[in-house]
There are 2 protein chains.
Amino acid sequence: MTNIKKVSELAGVSTATVSRTLKSPEQVTEATRDKVMQAVKQAGYRPNWLASSVKSGKSNSIVVLVPNLTNPFFLRIIGGIEQAAQEKGYSVLLGDTQGDSKRENEYAGMVLSNRADGLIQLDHSFPFAPQDAELADNVPMVSVCERIEGERKYPVIELDNYAASRALAHHLVGYGHQKFAAIVGQISSQIYRERLAGIRSVLQEENLPLPDEMLVGGSYTIEAGIDGVRQLLKQPVRPTAIFCFNDDIAIGAIHEIKKHGLRVPQDISVVGFDNIKVSAFIDPPLTTVDQPAYDMGRRAFEVLSVLMRGESLTRIREILPFQLVERQSSGPAR
Amino acid sequence: MTNIKKVSELAGVSTATVSRTLKSPEQVTEATRDKVMQAVKQAGYRPNWLASSVKSGKSNSIVVLVPNLTNPFFLRIIGGIEQAAQEKGYSVLLGDTQGDSKRENEYAGMVLSNRADGLIQLDHSFPFAPQDAELADNVPMVSVCERIEGERKYPVIELDNYAASRALAHHLVGYGHQKFAAIVGQISSQIYRERLAGIRSVLQEENLPLPDEMLVGGSYTIEAGIDGVRQLLKQPVRPTAIFCFNDDIAIGAIHEIKKHGLRVPQDISVVGFDNIKVSAFIDPPLTTVDQPAYDMGRRAFEVLSVLMRGESLTRIREILPFQLVERQSSGPAR
DNA sequence: ATTTTAAATGTAATCGATTACAGTCTGACT
DNA sequence: AGTCAGACTGTAATCGATTACATTTAAAAT
C-alpha cells in the first residue's frame, strides 16, 4: 500500500504538506504543489478513505433498508436515493431485509457503529433491535412511503394514500361499478389502512358495500394477485371491479382473471397502485396511480442529509403528488 | 460518542482488555468479562467500525457496478450477491452507473481508496479510469454475465449464451419458422456477439437466412422492443419469429405486435432471454431462457471472496446452466 | 516454601490521514 | 539594516481500535 508517508518522502516534504496539497491546494506554493503532485502520480497514491473517515468521524455512507429488492417500485426509489447521494459524495449501503427483523437489526446497527451516518427505511418497522432503541434515539432516519412504527415520529416522504385511493374509487364509481373487491397488501402497514380507508370513504358516500369476503390478499406480490382472484371468484357474487394494492398484485390478478375466461375490463375492471414501468405494456394496460418514486428517493436523501448535518426540519411529513393514470384495465360496468 | 476509553474507565480496566473481551472473550477472566460487559451495556458502546477497519486495512465492503438499476434481472443478481456478502460479514455498496464511464470510474475508484475491498461488474466495460489502470492491476474484480473488456482476463460468472441461443433457435426452427428477425441489445457487448452467433449457427445449419434488415434494436429496454417491431413491420417481408435479446425487449415487442392487430404466436412468435418474473404473467406468457440470476450473484461473491483473500482461482470462467422455458409466446409457423 | 509456567492484564506502538500549533522564511515597510 | 506581517512548512497530537510486548498475577510443580 502506498501511503501518505511514502509520498511525502518521495516529494521531500512532510505528510502535512502532502495532505494540504490534496485537500486545500491554495495553502501550498506552486513549486511544492508540483513536487507533491508528481510524487502522488509516481507513487499512484490515493488517500485511504478509511483513515480520513476515522479522523472526521463521518463515513459518508447511508444504509437503505429494502423489504424486497425484486419490487421494481422500490428500485426506482433506490435509484433516486442513489443519485442524490452520489451528488453529495455519499455512498449507499444496500440492505435487503426480506422483511426479517434480524436482518433489519443487523443493518440498522451499522449506523450505531459508524459504518454509516444515516438510514432510510422503505418498510414500516422500527429497524433497530429493542436493546438498541435508546442508542438509536439520535440516529438520522427517514422513511419513504411507509411510516415508521413507534412513538417517536421520524420524517417521512409519502403519498397521500387516502386521496389517491379516493381518486381510484371515484374513477371506478364513475364507470358505474357497484360490486367491489380489493386485493390488499401487507395488513400491518400504515399504507394498508390509509388506502382501505380512502376506498371505504368513497363507497360509503355512494352507499356502496365492500363486504369482508371481498377483501383478500396480504402481500405485495404477483402470487397474491393470483390467489386473490381465485378466492374472489369462488364467492357467490362476482365483483365487477377490483382494487389491487399495488401493480404486481394487479398483474397477477389480470393474469388469473383471463385464465378463468373472463375479460378485463368488460367483465372485471382492475386498478393497481405504483405505476411500475411494465404496467403500461401488459394487456390490457393497467389503470393505476403514479407515484413519483424517483423523486421520493431523491427527496428522502435530501431530508436525511439535513438531519445528518445536525439541523432540524421544519416539516416532518412531506407529501408528494400522485397522478391517476387511466388506461384500459378499467372500464364501464356491465 | 462513547468510545473504548470511556468503557475502559467505567469498567476500571485498560482499553486492551475491553477490546479483548469483545473480540476474543476466552482470553479474559470471567470476572473481568462481566465487569466489562456491564460497562459496555451501561455506556451503550459499539466498537467504531471505521477505526477497526483502518487498523485491519480491510473495509469489508464490496462495490457492485450496475448499468441499470431498473432491470429486474440485475436485481436478482444483486439479491444473490447481497445475500452471500451478508453471510460473510460484507456489505454491498451499490453503484448505479447508467452506463456512464465517469460514474463507473468514480465508483471503481472506491476500491483504490480502501473504501471497498473488491468489485463486481455487471457491465462489460473496464470500470477504472485510464490513469488508474495500473493501480487497478491487483484489485479483486469479477464480472457477471458480461466479460470485462481489455487484455487482462478477469474471472467471470456467465451463461453459455451461444448454447442458449442455439436452444432458442432450435425451438423456433422446430416449429417450422423460416423468416426470422432479432431485436438485439447493446451491440458493443460480448453477449450480443455470442447470442447472435448462436442463432446464426443454427440458421446456417438449416440454410435459413437472417438478413441484415431483420436485425434491429440496440438497447435492453421495453422501448427498444417497441421501436424494433415498428421497424420490422415496415419491411416488405414480415418475420414469423423474433428473437428478443432480453425479456424487456420481448415485452415491448409483444405489446407493439398486438397493437398492430397481429397475434402472438399465431402471426409472430416471440422469444426472450432472462426469464424475469413478470414474463410468466404477461399475455401470452413468454418463451425465454432462464438464467439462474440469484445463484450467479451468489457465486460471483464467492469467487470475489477468494480473490479478496489473496488466493488464486483454479477456474477463471464459470458457466452456469440455463434452461429453455417454453411458454405460449412461441408456436408453429403458419 | 520456592521455583516454574501459564494465564491475565496493562503499556504503548500502530494503522493512515488530518490539523493545531510552532517554527521558518520571504518580502515590505520604516 | 532592522522589524514585522504573512505565507509556507514542519512537528507532533489526534481520531478509535487493535495488538506486540512487557509486566503482573495465579496456579502448578518440585
Side-chain angles (χ1 to χ4, degrees), chain A residues 1-40 43-61 89 109-117 135, chain B residues 1-40 43-61 89 109-117 135:
Chain A
M1 203 58 214
T2 63
N3 51 20
I4 200 170
K5 193 140 168 252
K6 216 169 279 174
V7 175
S8 73
E9 284 162 8
L10 243 167
V13 298
S14 72
T15 62
T17 301
V18 175
S19 180
R20 278 190 284 253
T21 308
L22 295 170
K23 303 267 294 188
S24 37
E26 72 284 357
Q27 286 183 34
V28 160
T29 329
E30 202 178 326
T32 40
R33 200 158 54 207
D34 290 349
K35 261 193 306 187
V36 172
M37 290 314 279
Q38 197 190 328
V40 164
Y45 172 68
R46 286 269 196 146
N48 184 318
W49 172 83
L50 287 167
S52 336
S53 295
V54 217
K55 196 77 217 299
S56 68
K58 295 273 153 228
S59 69
N60 284 297
S61 307
M110 288 179 164
V111 191
L112 301 176
S113 52
N114 281 41
R115 191 160 182 170
D117 302 334
L135 279 177
Chain B
M1 203 56 216
T2 64
N3 51 19
I4 200 169
K5 191 137 168 254
K6 217 168 279 173
V7 175
S8 73
E9 283 162 7
L10 243 168
V13 297
S14 72
T15 61
T17 303
V18 175
S19 180
R20 278 189 285 253
T21 309
L22 295 169
K23 302 267 294 187
S24 37
E26 73 284 357
Q27 286 182 34
V28 160
T29 328
E30 201 179 326
T32 41
R33 201 158 55 206
D34 290 350
K35 262 194 306 188
V36 172
M37 290 313 280
Q38 197 190 327
V40 164
Y45 171 69
R46 286 268 197 147
N48 184 317
W49 172 82
L50 287 166
S52 335
S53 294
V54 216
K55 195 76 219 298
S56 68
K58 295 273 153 228
S59 68
N60 285 298
S61 307
M110 289 179 165
V111 190
L112 300 176
S113 52
N114 281 41
R115 190 161 183 169
D117 302 333
L135 280 177

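What you see is a predicted model, and the numbers here were worked out from it, not measured in a lab. First the proteins, then the strands, lettered A, B, ... as listed; each starts at 1.
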Measure from [atom1] on [X] to [atom2] on [N] and round the result to the nearest Å.
| X | N | atom1 | atom2 | value |
| --- | --- | --- | --- | --- |
| B:K5 | D:dG16 | NZ | C1' | 11 Å |
| A:E26 | D:dT9 | CD | C1' | 15 Å |
| A:K35 | D:dC8 | NZ | P | 14 Å |
| B:L50 | D:dT18 | CG | C1' | 15 Å |
| A:R33 | D:dT9 | CZ | P | 10 Å |
| A:Q27 | D:dG6 | CD | P | 16 Å |
| A:K55 | D:dC15 | NZ | P | 7 Å |
| A:K6 | C:dA17 | NZ | C1' | 15 Å |

Do the side chains of [Y] and [X] get nearer than 4.5 Å, heavy atoms only?
| X | Y | result |
| --- | --- | --- |
| B:Y45 | B:L22 | yes |
| B:R115 | A:S61 | yes |
| B:S8 | B:T15 | yes |
| B:V36 | B:V28 | no |
| A:T2 | A:V7 | no |

The helix from C:dA1-D:dT30 to C:dT30-D:dA1: angle between its terminal axes, five pairs each, to 10°? 50°

Look at the side chain of [X] and decide which nucleotide, out of [options], has an atom nearest to it.
| X | options | value |
| --- | --- | --- |
| A:A16 | D:dC15, C:dT9, D:dT11 | D:dT11 |
| B:R20 | D:dT9, C:dG10, C:dA17 | C:dG10 |
| B:V28 | C:dT18, C:dT9, D:dA17 | C:dT9 |

Counting any heavy atom closer than 4.0 Å, what does B:V18 reach on the DNA or RNA strands: base, sugar-phosphate only, or nothing? nothing

Is there a donor N/O on one and an acceptor N/O on the other, under 3.5 Å, for the side chain of A:R46 and the base of C:dG16?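 It does not, because no donor-acceptor pair links the side chain of A:R46 to the base of C:dG16 below 3.5 Å.
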
Do any side-chain nitrogens or oxygens of [X] fall under 4.0 Å of OP1 or OP2 in [N]?
| X | N | result |
| --- | --- | --- |
| B:T17 | C:dG10 | yes |
| A:K23 | C:dT18 | yes |
| A:Y45 | C:dA17 | yes |
| A:T32 | D:dT9 | yes |
| B:S53 | C:dC15 | no |
| A:S52 | C:dA17 | no |
| A:N3 | C:dG16 | yes |
| B:T29 | C:dT9 | yes |

Calculate, to the nearest 0.5 Å, the distance between atoms CD and NZ belonging to A:Q38 and A:K35 respectively. 11.0 Å

If you draw a 6.0 Å radius around CD in A:E9, do more than 12 non-hydrogen atoms from other residues or ligands fall strictly inside?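 Check passes, neighbour count above 12.
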
Note: for A:L22 and B:G12 on DNA chain C, the residue whose nearest nucleotide lies more 5' is B:G12

So, for B:A39 and B:L10, which heavy atoms are closest and what is the spacing to 0.1 Å?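 Heavy atoms of B:A39 and B:L10 come nearest at CB-CB, 3.9 Å.
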
